[in-house]
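Note sheet for the following structure.
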Amino acid sequence: MLQTAISDLEVVSEEENGKLWHIRYPLADGAKTREGLDYIVVATTRPETMLGDAAVAVHPEDERYKHLVGKFVELPLCGRKIEIIEDEFVEREFGTGCVKITPAHDFNDYAVGQRHGLDLINVLTREAKIIGDSDIQGRLRSSYVAPFTMEDFADSALSLGIPKEYWGHDRFEARLLIEKDLYSRGLIEKIDDHKLKVPRGDRTGVVVEPYLTDQWFVDLTRETRHDGKPGPGGLKAITEPAIRVVEDGRIKFVPENWSNTYFHWLRNIQDWCISRQLWWGHRIPAWYDGDGKIYVARDETEVRTKYKLSANLALTQDEDVFDTWFSSDIWPLATLGWPQATPELKKFYPSSVLVTGFDIIFFWIARMVMMDTYFTGEVPFREVYVHGLIRDPEGQKMSKSKGNVLDPLDLVDGISLEDLVKKRTTGLIKPETAPKIEKATRRDYPNGIAPVGVDALRFTFAALASPGRDIRFDTGRAEGYRNFCNKIWNAARFVLMNCEDQDCGADAALPVELSVADRWIVSRLQKVEAETAEHFRNYRFDLLAQSLYQFIWNEYCDWYLELAKPAVLGGSDTAKRGTRRTLVRVLEASLRLLHPLMPFVTEEVWQRVAPLAAKRGDTIMLQPYPVTQPERIDEAAEADVEWLKAFILGVRQIRGEMDISPGKPLQLLIQDANTVDAERIARMRGIIDFIARIDALQLLEQGAAVPQSATALLGAMKILVPMAGLIDKGAELARLDKLINKIEGDLAKNEARLASEKFTSGAPAAVVEKERARVAQQKQELETLQQQKTSVSAL
RNA sequence: GGGUGCUUAGCUCAGUCGGUAGAGCAUCGCCCUUACAAGGCGGGGGUCGGCGGUUCGAACCCGUCAGCACCCA
């Protein structure tokens, strides 16, 4: 039993199997139903609360009971007479259409009670036991307009007619006793199975009771002060300004649609109950004198000064504490020394961004905005970044009771299946769920969880953090990013191996020569830096991760390190210097780019790489984040390297599909090279030979005889690998057919589109032009491939 | 009952301005090539949930239906 007030937000209602008791309430004063019965039947899911019934209600248009409205029933077991009233709230189809009204123990009944001036009859103690005669609780007289206090509950259990046998019994025990007694008196018409929403505390799972107590509230709903003094009420002073600051953009939600959730809650807000009956928390700063008079100030001394109380008047402080979220709402202020006007407050309030999950938008975000704006007239932060929640493989929210929690440490360090099962099935609130949990765990993690380390885990979260979407955690992704960590480590080893204790171009006075590959990777780095800045600005950590992963692995490691090898191993001094300088500088910048997502590997590697790149500093953490330098973008180098990559890909595809060992040197023939192709071949010959493993390359004259070859296309240019007797005719024909089929398919579609008058006149000229160019290109490729197919067939 | 989001490759997910669909994992083939086999190189795989509409053109815009998830009552 919680024995404290809690918030609606801390109550979860789920549908559970229960019962619907149909109970006969005898009519008083000789009244009869239309069928001539001397009782009416009331249906309820909470029979124990009938002890606190204040009325029975029927729908005003319900012909069955119209004649009974204003008459009385005799409340079974208690013997009190209570009135039959009419209220629109009653659903005629539910049960018998007669509803017991228990204003002190049900929210709907409370509202009905207010409309009809019914007594509030409390029948429970704070421990949720039926009150006994010594409990000073019971009926609150109908003149219960707030404020009232518990002392207004004047009646005793005895005077309410609550039988002694129930006194002090727990609510659910009492239910059984009451059921039994009703049975023995013939007052149970029937008991049906029934599904109902049961409200439980979200932490403890215990059934929560609506219960009348004295509490402190913050007014959030009144236009003017509740005590009648001049000045705005909470609605004007707190709630409406909190709505306004988001409406007018002083606070922005990212993603933006969370502002709707925020608005909806604030526009339907109720007064805020801020007192809790717990020992942990900030004490309520209110004091009482012997007569129960209330004094509010920061401390007792201030109370005495403020209210001019004599020193010997005994004061006691309220025992209650604040709702933790009420205390937390001034977090942005309190952490900066408020209410003192500290330099920190001046500098950091408002802060730029608050990062949070959507599940505490109500609990915390809204409350900070409300109260801090109220206290200071200025918003606490300018942006609220709302990230998703991590869910289990089925998309369910993680919870210990469901046994689907992933402990971050288990992802970092790994865990065996058996240990994971054990961890998830011990200490359960409902031990009977253990077999189900075990089964699901064995299905989801048949091999346990592989260790991935903190960096990979952090990077995975970033990579999965797409906006407006929860994260279904995927260990496969995390393992992929663990491999990425290894990749960085190994790439760094290569760079260090070739650059440490070498001339890395730190001395600006010495001449350097930059290869096309050097200029290419530097250019690419500038573009990635620009992308990175953009993704940070938009809170797109997923795209940020993607972009860095792609650059470091697919460009820096897969291509640049390979392209750098010839220069580093056998280039001139100036070429070596230029390439070493590029190797270390690009790596160093990449580490800084990546550091926010992978703090540890980047720090470790940076410590050794930074000096080579002429960077000084104790830690990467204090280094500036890389900024793009557009003047270092080199489109010509990028075009050259794109061409080079396509060239090499063509050769590799032939190797792969013709089953030529990657290590075997090849002779290449080049046909139909244009002047640009020829120039590129001449200029990048060394790198082509190295990477594609070419030991001879010859440009064929126009119309020269072509030996048996496998072919790759690069634009109009043909890359031929002579297969002198080795060619597998069938394999090469199949390979060519595959290419031809693909192009034919696309070409047919594209030609049809171009043939359509609708398209050529409707679409923008640029799009049509692009389409024409594409068709021309495809036609040429197709022609070349078909020629090739003819010549191979003829062999 | 009201609201929000989602549905794209076997799995987890990107897809900006409407202009021929991408990544990681998994899978298939070759390779222990002196940074890296937790790797390299190459390949295969998608009627973008269904239906209808707008448009020269739809994964994307509109309508509708279905399924899933979450929030509020």
Side-chain angles (χ1 to χ4, degrees), chain A residues 8-9 12-13 107-108 197 255 257-258 260-261 263-265 268 358-359 361-362 388-389 391 393-397 450-453 456 459-460 463-498 531 534-535 538 540 542-543 545-547 549-550 553-554 557-558 561-562 564-565 569 583 648-664 690-693 735 738 742 745-747 749-750 753-754 756-764 766-768 770-771 774 778:
Chain A
D8 294 345
L9 298 172
V12 284
S13 289
F107 290 112
N108 288 319
K197 294 265 188 172
N257 49 338
W258 285 112
N260 293 327
T261 307
F263 288 139
H264 182 259
W265 188 70
N268 295 285
F358 64 79
D359 51 338
I361 288 178
F362 305 142
L389 262 36
R391 299 186 182 276
E394 275 76 54
Q396 306 273 315
K397 204 165 162 175
V452 300
F459 193 88
T460 306
L464 295 175
S466 301
R469 186 165 182 144
D470 283 346
I471 295 171
R472 203 178 293 207
F473 195 81
D474 179 20
T475 50
R477 287 285 282 266
E479 286 170 38
Y481 296 131
R482 172 202 58 195
N483 297 350
F484 182 46
C485 296
N486 282 355
K487 194 73 183 175
I488 292 163
W489 184 257
N490 286 317
R493 274 185 50 207
F494 171 80
V495 173
L496 291 170
M497 203 179 283
N498 287 290
E531 283 170 27
E534 178 73 7
H535 296 326
N538 299 328
R540 289 303 305 266
D542 56 332
L543 299 182
Q546 168 72 20
S547 155
Y549 180 98
Q550 195 278 134
W553 195 318
N554 301 128
C557 294
D558 285 350
L561 293 189
E562 295 307 316
K565 279 175 186 174
L569 296 175
L583 278 169
I648 290 164
L649 176 67
V651 177
R652 283 174 173 172
Q653 280 172 330
I654 292 173
R655 278 189 193 272
E657 286 162 33
M658 300 308 286
D659 256 347
I660 303 168
S661 153
K664 183 178 157 59
F690 180 84
I691 302 220
R693 301 226 175 188
R735 212 176 63 83
K738 195 178 80 181
K742 187 169 172 348
D746 289 348
L747 184 60
K749 251 193 328 199
N750 296 337
R753 182 171 306 142
L754 268 181
S756 152
E757 158 67 19
K758 276 182 178 176
F759 174 70
T760 47
S761 60
V767 172
V768 177
K770 208 172 131 193
E771 196 64 26
R774 183 148 46 201
Q778 284 173 332

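Note that the coordinates shown come from a computational prediction; the quantities given were computed from them, not determined experimentally. Note on naming: letters A, B, ... go to the chains in the order of the sequence lines (proteins, then strands), and numbering restarts at 1 for each one.
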Report task. Name all residues meeting the side chain to side chain donor-acceptor pair (under 3.5 Å) criterion together with A:R391; count only those two or more places apart in sequence or in a different chain, and write none if there are none. Result -> A:D470

**Report entry** Closest to the A:Q653 side chain, choosing from B:G19, B:A35, B:G43
**Finding:** B:G43

Report task. Under the salt bridge (Lys or Arg N to Asp or Glu O under 4.0 Å) rule, collect the residues that match up with A:R693, sequence neighbours excluded. Result -> none

Query raised in the report: Contact class for A:C485 vs. all strands (heavy atom < 4.0 Å): base, sugar-phosphate, or nothing?
Result: nothing

Requested in this report: Determine the Euclidean distance between corresponding C1' atoms of B:U16 and B:C60; express it in Å to zero decimal places.
Outcome: 11 Å

Query - From A:M497 atom CE to A:N490 atom CG, the distance as rounded to the nearest 0.5 Å - result: 9.0 Å

Query raised in the report: Can you name the ring pair (Phe, Tyr, Trp, His ring centres under 6.0 Å) partners of A:W265, sequence neighbours left out?
Result: A:F362

**Report entry** Which atom of A:F690 lies closest to which atom of A:E562, heavy atoms considered
**Finding:** CE2-O, 3.9 Å

**Report entry** Residues that A:L543 engages under side-chain contact (heavy atoms from CB on, under 4.5 Å), provided they are two or more places apart
**Finding:** A:H535, A:R540

**Report entry** Between B:U8 and B:G50 - P atom distance, rounded Å
**Finding:** 10 Å

Query raised in the report: Excluding sequence neighbours, so at least two apart, what forms salt bridge (Lys or Arg N to Asp or Glu O under 4.0 Å) with A:R493?
Result: none

Query raised in the report: What is the ring orientation for A:Y549 with A:F459, classed by angle as parallel under 30°, tilted 30 to 60°, or perpendicular over 60°?
Result: tilted

Report task. Identify which nucleotide among B:A35, B:C13, B:G42 has an atom closest to any side-chain atom of A:S466, counting heavy atoms from C-beta outward. Result -> B:C13

Query - Pairwise P distance for B:G19 and B:C62, with rounding to whole Å - result: 16 Å

Query raised in the report: Using atom C1' of each nucleotide, how far apart are B:G67 and B:A23 to the nearest Å?
Result: 27 Å

**Report entry** Distance, P atom - from B:A35 to B:A59, rounded to whole angstrom
**Finding:** 46 Å

Requested in this report: Sugar-phosphate means primed atoms, P, OP1 and OP2; the rest is base. With that split, encode nucleotides 20-34 of chain B 5' to 3' as B, S or - using protein heavy atoms under 4.0 Å.
Outcome: B--BBS-------S-

Requested in this report: Round to a whole Å and report the spacing from CG of A:L389 to P of B:U12.
Outcome: 18 Å

Query - Residues forming a side chain to side chain donor-acceptor pair (under 3.5 Å) with A:D659, sequence neighbours excluded - result: none

**Report entry** B:U27 versus B:U12 - spacing of their C1' atoms, nearest Å
**Finding:** 16 Å

Requested in this report: Could you state the atom-to-atom distance from CD of A:E657 to C1' of B:C41 in whole Å?
Outcome: 12 Å

Query raised in the report: Rounding to the closest angstrom, what is the interatomic distance between B:G46 and B:G3 at atom C1'?
Result: 33 Å

Report summary line: Residue set satisfying salt bridge (Lys or Arg N to Asp or Glu O under 4.0 Å) with A:D746, at least two apart, ordered chain then number -> A:K742

Requested in this report: Identify whether any heavy atom of A:N257 sits under 4.0 Å from a base atom; if not, whether one sits that close to sugar-phosphate; answer base, sugar-phosphate or nothing.
Outcome: sugar-phosphate

Query raised in the report: Given pairs defined as Watson-Crick or G-U wobble with both distances under 3.5 Å, what dot-bracket annotation applies to RNA chain B, with ( ) intrastrand, [ ] crossing, | other strand and . unpaired?
Result: (((((((..((((.....[..)))).(((((.......))))).....(((((..]....)))))))))))).

Query raised in the report: Short question: side chain of A:S466, backbone of A:R469 - any donor-acceptor pair under 3.5 Å?
Result: no

Query raised in the report: So what does A:E534 hit on the nucleic acid, given a heavy-atom distance under 4.0 Å: a base, only sugar-phosphate, or nothing?
Result: nothing

Requested in this report: Taking atom C1' in both B:C17 and B:C61, compute the distance separating them and give it to the nearest angstrom.
Outcome: 13 Å

Query raised in the report: What nucleotide among B:A35, B:G42, B:G19 has an atom nearest to a side-chain atom of A:R652?
Result: B:G42

Query raised in the report: Using a cut-off of 4.0 Å on non-hydrogen atoms, how would the nucleic acid contact of A:I471 be classed: base, sugar-phosphate, or nothing?
Result: nothing

**Report entry** All side chain to side chain donor-acceptor pair (under 3.5 Å) counterparts of A:D558, not counting sequence neighbours
**Finding:** A:N554

Query raised in the report: Is any side-chain nitrogen or oxygen of A:R469 closer than 4.0 Å to OP1 or OP2 of B:A14?
Result: yes

Report summary line: The answer to which of A:K738 and A:N490 contacts RNA chain B further toward the 5' end, by nearest nucleotide, is A:N490

**Report entry** Residue mapping more 5' on RNA chain B - nearest nucleotide basis, A:P467 or A:N486
**Finding:** A:P467

Report summary line: Hits for salt bridge (Lys or Arg N to Asp or Glu O under 4.0 Å) against A:D474, two or more places apart or cross-chain, chain-then-number order -> none

Can you give me the N/O atom pairs linking the protein to nucleotides 67-73 of chain B at distances under 3.5 Å, or say none if there are none?
from  : atom 1 : to     : atom 2 : distance (Å)
B:A73 : N6     : A:K197 : NZ     : 3.2

Report task. Specify the separation, in whole Å, of atom NZ of A:K487 and atom P of B:A38. Result -> 12 Å

